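The structure presented is a predicted model; accordingly, all values stated were derived computationally and were not measured. Residue numbers start from 1 in every chain, and the chains themselves are labelled A, B, ... in the order their sequence lines are given, proteins ahead of strands.
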Number of protein chains: 2
Amino acid sequence: MMVLKRQITSHLNKKSKTRQRRGTNRTTMQDVAKQAQVSASTVSLYLRDPKGVSPSKASQIKAAIDKLNYVPNLLAGGLAATKTRVIAVIVPSLTNAFFAQTVSAMQRYLDQKGYQLLIGDSDYDEDKEYELAKTFLAWSPLGLVMTGAKHSDACERLLKSTQTKIVQTWELTASPDFFQVGFSHYNVGRLAASHLFSLGKKKVAYVAANLSFDRRATERGQGFCETWDRLAKEPPTIIDIEGQVSPVSGVKALSELLSQAQAFDAVFCSNDIIAMGLMLEATRRDINIPNTLSVISFGDLPFAEILSPGLTTIRPPSELIGQHAIDAILDSDTQNPRLLQGLSKEGKNAQVDLAFELVIRGSS
Amino acid sequence: MMVLKRQITSHLNKKSKTRQRRGTNRTTMQDVAKQAQVSASTVSLYLRDPKGVSPSKASQIKAAIDKLNYVPNLLAGGLAATKTRVIAVIVPSLTNAFFAQTVSAMQRYLDQKGYQLLIGDSDYDEDKEYELAKTFLAWSPLGLVMTGAKHSDACERLLKSTQTKIVQTWELTASPDFFQVGFSHYNVGRLAASHLFSLGKKKVAYVAANLSFDRRATERGQGFCETWDRLAKEPPTIIDIEGQVSPVSGVKALSELLSQAQAFDAVFCSNDIIAMGLMLEATRRDINIPNTLSVISFGDLPFAEILSPGLTTIRPPSELIGQHAIDAILDSDTQNPRLLQGLSKEGKNAQVDLAFELVIRGSS
DNA sequence: TTGAAAGCGCTAACAG
DNA sequence: CTGTTAGCGCTTTCAA
């Protein structure tokens, strides 16, 4: 009996063999419990719901935590609970202002809610995207936010087989397999076309970069070209600059435009970065905007308003996309009430179709 | 004996009580092991070092993994190994191009190495930064990359008490407590001052936004002002625009500048965003750059070269900072060989002082 | 309210 | 090269 008791005592006081081996020294919940003279499960309860334990024990535990500088081990917690407070996000590029805005909005939205964002950058590469998704799912996240609605077959299979909530953003498709939050890029193109047509423009072009890699820009282009064709009975010219999107693409695009036989009186740029380059180059070449050439674009990035003239552009709901995506994931966690109101989010593959806005400035 | 055997068998075939309760259905390593007719530890070994198991078993295991669509549970793995392949990063703002570049470089650098980046955005708030650091450390990351060398006292204490490798970036301090990789912002300011002085400029100003919140911009300003004062025997004027950094700050700054009694012939902008606004506004007001006003800045963001005239600016080693930070962390993990060569990284609080570059264009 | 017990799924000695 | 074993630190019944 005495022997047994001593063994128990020593078990409580000494580090286990494994911990000794590894040289691990982490303060555990067990340490806190001992310090506070309660059991580990009471500490656990306190951490999740402080009002669940008696005030006296609560203050003892609080003191112990402060004294020992205790940091809970989320790995152990997640493993035990078979779920985590992590939300994974995969974007094509972190340096792209659109996605940076969306991710940033997610972070702010999550702020103080105790969730972590696991962020991955696929570099516009489907294979990398697949690898990222695989690794991210291994962290048992509450949800996985993908950018775009098209993935490699393997990735698609993976996403369908997981129990994790999947949300696709920035793109809406006809018969979605997952929850989607975005807007119609096709309609963005339509809006641009009708705006230019209503201004009485005759000869227009769609300017983009790296179109074969940018499905969403392609769709905007389609909406633009088909609509223009219907209105003006003439298909727009498409200028597709090779290489990554940068202001330089816009510079090149203008040269390309000027080298054509016809004279254009308006262009729709696939985004503001390109439009900026094009407008600055136009200024340099003494081409008057909007008199000689009207410019309309997509993005409404911070510099759009200070270009001369101000850039007419269509503003996407970057922040809202982030918020709704997070909302959909938190929604599916029964622990959390719905945050944003007024939108039906029922169904595994519901869609949230957000509005975009035409911001008219001097360039058109 | 028979009874015992049946019990064992049933234990292997049925889900455990806990899993049944929770309704968890995850494919585990155990499932793979059974499918492949080997033990779980063999599967584990295979996953970490495929060459460690015999070719025949290896192919069986591979087949089993594919068939079952097995995704390892990184939480369990990390817990068991008391370490993870996660690297945490805290930046002041994800939408800030400088930090986006650094984080993006980290991701690319880590690509295919099987490490994850846990990214947090402190929104330039020391309290948020502290909370983030605390939560991130709870994930037992291999390392934690902080931006800047100044934190709240509580945060400082936390960072010192942890066993996780801490790296501070984008800033170098006199007697560092942690490993630092950055460059001297003071010297950036010095370089800007001597460049303008060598050009024969007489009356200069330092233009910045939100200076009281931007320690690094303040330091660049100090380097600039002190050096200019020494060279020209006159302290520069400091224009500090309130509010978040944006091109609009530059627009406002120019008005401010023009409203002063003296006429300036050169300005040093704290970053390219501001410089862009200032230059566009100058063009609008028909102020000739560089003849009437020279502009030099800091950043070399993508648009710097396409402004008219091109923007003279000092390019920080954004990507290199990311690479060295990761390197320092991977270095401290004995599993990994040093990746970048030629730099001594000994010591817990060594410094990596990276070079920056003056890119001279038409604006100066 | 509180505590004991039984895992969560995996890693890492260790022995064979 | 392979399997056995003993945890990693926490959550969650369940009973007291």
Quickly work out the [X] [atom1] to [N] [atom2] distance and round it to whole Å.
{"X": "B/Met29", "N": "C/dC10", "atom1": "CE", "atom2": "P", "result": "5 Å"}
{"X": "B/Lys34", "N": "C/dC10", "atom1": "NZ", "atom2": "P", "result": "14 Å"}
{"X": "A/Leu79", "N": "C/dT11", "atom1": "CG", "atom2": "C1'", "result": "12 Å"}
{"X": "A/Gln30", "N": "D/dG7", "atom1": "CD", "atom2": "P", "result": "14 Å"}
{"X": "B/Lys83", "N": "C/dT11", "atom1": "NZ", "atom2": "P", "result": "12 Å"}
{"X": "A/Asn73", "N": "D/dG9", "atom1": "CG", "atom2": "C1'", "result": "6 Å"}

Look only at the side chain of A/Thr169 and the backbone of A/Met146, and say whether a donor-acceptor pair between them is shorter than 3.5 Å.
-> yes
Check: A/Ser140 main-chain N/O paired with A/Thr84 side-chain donor or acceptor under 3.5 Å = yes
Regarding the side chain of B/Ala76, the nearest nucleotide among D/dT11, D/dG9, C/dC10 is C/dC10
Got a sec, which residues hit salt bridge (Lys or Arg N to Asp or Glu O under 4.0 Å) with B/Lys128, two or more places apart in sequence or on another chain?
-> A/Asp111, B/Asp123
Heavy-atom contacts under 4.0 Å between residues 35-64 of chain A and DNA chain D, which residues?
-> A/Ser41, A/Ser44, A/Arg48
Is the shortest heavy-atom distance from the side chain of B/Trp139 to the side chain of B/Leu75 under 4.5 Å?
-> yes
Taking every non-hydrogen atom, the tightest pair across A/Pro141 and A/Ala88 = CB-N, 4.2 Å
Does a salt bridge link B/Arg157 with B/Asp153, judged by any charged N lying under 4.0 Å from a carboxylate O?
-> no
